[in-house]
Amino acid sequence: MRRLIPVTLLLALSSVCPRAYGQQQFNAAGAINYCAGQAVKTLKVIPADSANLPRNIDNGKTNWRFIKYRDWCSGFWPGVLWYLYEGTGKAQFKTEAEKFTKELTPLSYTPGFDHDLGFQVHNSFGNGYRLTGNAAYKPVILRAADSLATLFNPRVGTILSWPSMVKIKGWPHNTIIDNMINLEMLFWASKNGGGKKLYDMAVKHAETTMHNHFRADYSAYHVVVYDTLTGKKIKGVTHQGYADNSMWARGQSWAIYGFTMCYRETKRAAFLNFAQKVADVYLKRLPADGIPYWDFDAPDIPNAPKDASAACVTASALLELSTFVHDKVKAKTYRHKAEQMLAMLSLAKYQSRDVNDAFLLHSTGHKPNGTEIDASIIYADYYYLEALLRLKRLQQGQSLYARLTHPVK
Ligand code: GLY
């Protein structure tokens, strides 16, 4: 496994904590305060408009591009606010989180049009319910889970991720690796009155994905196309990656996160083993600073754009994985790697601090489409903050999962 360059690491760590790594741990609490300060700046520039959810700040620009509730990224901003409430206890973040969460309500009574309902509803209403117990949130999440379930094809054993691509691309039943994340809402719903069928569906989707979505080295295809009637795999292709056979960085990070979460929810050893396999190929191929290029096989490395968002998703996933892995050395490695990634992302080079109001720079959304390249993107911020909260809890010897939060200040 390639090691990070010690000097680079030392620089990263010394920027966020007064003493060298090893003597004092990474200052997760300080980084959370930085996020809170940036979010307060964003709150001041939110437009009085129906498109008021921050999605990205393009490279060279300083203003957020705002979206409406139907966009796949709509849940991340409310999720950021809920996490800031969790991390700081400040009433302002709770009030704002409630306001923006409410905007996504129509998703719970719109017929399922995309797999992203988990990103949207679980990150907003789900975090809100976890932290406040607001009874009005529960039926919204349950309805969204039922809506997501309508996209499940039992012949294939997975959710149809992109109904719109059936015609556009000629992909009769398509499942993307990102879809793994949305299973979390099905697991949640199953435990909260939604019925066992949602649990079974999530497990089946994860199992089918485990069998069909990976190459021999455990790198993921972005999209797998299935025959709707026979349920058989037709091909593995890319949409947002460099090539059909390349390892798209964020896709691999969704896989690490998704299978780790599936283990948490099911305690099936197969998922824990698989999470480690997909994590190990990612870690083995990382560049020296621990932040991947947008695609591990991009032909112009080392000049290719980075994807900080993949690093954030992976860091958060590795922290959770480190709590499950039985091999103590391996568990320590996963946690250490996650801390190194967070330390690097907290270095000036990756921070938006002096550039714009987001948390992080240098994420890449859709390179083949020419959009969100080397940009600030809201899901990078969401998973950065989630990882920081997880690390802070681990540093304090607490369980990873906070329930009803502390009283409002
Ligand atoms: N789920 C879409 C993406 O990762 O860009």
Side-chain angles (χ1 to χ4, degrees), residues 39 42-43 45-56 64-85 93-153 159-168 174 176 178-195 197-198 201-202 205 365 372 377-379 381-382:
T42 293
L43 284 169
V45 297
I46 299 268
D49 198 277
S50 61
N52 62 356
L53 298 156
R55 166 153 176 168
N56 69 283
W64 282 108
R65 183 169 74 85
F66 294 96
I67 49 160
K68 300 184 190 181
Y69 74 89
R70 276 179 76 96
D71 188 287
W72 85 270
C73 292
S74 62
F76 293 115
W77 174 242
V80 160
L81 294 166
W82 282 119
Y83 278 153
L84 287 173
Y85 170 55
F93 292 122
K94 180 170 182 265
T95 307
E96 296 289 352
E98 283 168 345
K99 185 178 117 194
F100 288 100
T101 292
K102 209 170 161 195
E103 289 186 18
L104 276 64
T105 307
L107 289 170
S108 74
Y109 48 79
T110 308
F113 60 93
D114 201 286
H115 74 111
D116 286 319
L117 277 165
F119 285 112
Q120 294 164 311
V121 174
H122 198 63
N123 294 358
S124 52
F125 287 95
N127 276 315
Y129 187 75
R130 177 176 64 85
L131 294 170
T132 67
N134 183 340
Y137 289 177
K138 194 171 172 178
V140 174
I141 313 167
L142 287 171
R143 280 200 303 268
D146 283 342
S147 174
L148 179 59
T150 63
L151 300 177
F152 185 80
N153 179 330
I159 289 164
L160 168 64
S161 302
W162 286 332
S164 63
M165 294 295 196
V166 170
K167 275 208 176 128
I168 295 174
N174 59 77
I176 66 172
D178 328 26
N179 201 144
M180 286 295 299
I181 309 301
N182 296 311
L183 304 183
E184 191 169 7
M185 185 167 72
L186 298 183
F187 284 124
W188 182 94
S190 176
K191 285 186 291 197
N192 286 274
K197 70 176 190 311
L198 297 176
M201 218 175 257
H205 180 110
E372 297 179 319
I377 309 182
I378 192 68
Y379 45 82
D381 291 2
Y382 177 88

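Nothing here was measured: the structure is a model prediction, and the numbers come from that model.
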Look at K102 together with E98 and state whether they make a salt bridge at an N to O cut-off of under 4.0 Å. no

Answer yes if the side chains of S161 and N179 hold a donor-acceptor pair under 3.5 Å, and no otherwise. yes

Cut-off 3.5 Å, side chains only: do Y379 and N123 have a donor facing an acceptor? no

Quick check: does any side chain N or O of [X] sit under 3.5 Å from a backbone N or O of [Y], one acting as donor and the other as acceptor?
X: S124; Y: G75; answer: no
X: D381; Y: V80; answer: no
X: N56; Y: I377; answer: no

Can you give me the closest heavy-atom contact between [X] and [Y], atom names plus distance?
X: A136; Y: P139; result: O-CD, 3.5 Å
X: P78; Y: L53; result: CD-CD2, 4.1 Å
X: W188; Y: N192; result: O-ND2, 2.7 Å
X: Q120; Y: L104; result: O-CD2, 3.3 Å
X: L186; Y: I159; result: CD1-CD1, 4.0 Å
X: E184; Y: H122; result: CG-NE2, 3.7 Å

Is there a side-chain contact between [X] and [Y] (heavy atoms, below 4.5 Å)?
X: F66; Y: P47; answer: yes
X: V140; Y: Y109; answer: no
X: I378; Y: W64; answer: yes
X: L117; Y: S147; answer: yes
X: M185; Y: I141; answer: yes
X: D116; Y: S74; answer: no
X: I67; Y: N52; answer: no
X: L160; Y: N153; answer: no

When rounded to the nearest 0.5 angstrom, what distance separates NZ in K94 from CG in L84? 15.0 Å

Working to the nearest 0.5 Å, report the span between CG of L107 and OH of Y69. 6.5 Å

Qualifying residues under salt bridge (charged side-chain N to carboxylate O under 4.0 Å, His left out), relative to E103, sequence neighbours excluded: none

Does the pair F187 and L198 meet the rule for a side chain to side chain contact (heavy atoms under 4.5 Å, CB included), with working shown? CA-CA 7 Å; F187 284 124; L198 297 176; over 6 Å; no

Fit a plane to each ring of Y83 and Y382, take the angle between them on a 0 to 90° scale, and name the class: parallel (under 30°), tilted (30 to 60°) or perpendicular (over 60°). tilted

Give the C-alpha distance, both sets of side-chain angles, the deciding distance and a yes or no for side chain to side chain contact (heavy atoms under 4.5 Å, CB included) between H115 and I176. CA-CA 9 Å; H115 74 111; I176 66 172; 3.4 Å; yes

Does the side chain to side chain contact (heavy atoms under 4.5 Å, CB included) test come out yes or no for F125 and N134, once each step is laid out? CA-CA 9 Å; F125 287 95; N134 183 340; over 6 Å; no

Ring centres under 6.0 Å, that's the criterion: do F93 and W82 meet it? no

With T101, which of Y129, Y137, W77 fulfils side-chain contact (heavy atoms from CB on, under 4.5 Å)? Y137

Evaluate side chain to side chain contact (heavy atoms under 4.5 Å, CB included) for T42 paired with E96, printing each intermediate quantity in order. CA-CA 12 Å; T42 293; E96 296 289 352; over 6 Å; no

Any salt bridge (Lys or Arg N to Asp or Glu O under 4.0 Å) involving residues 67-82? Give me the pairs, sequence neighbours left out, ordered by first then second residue. R55-D71

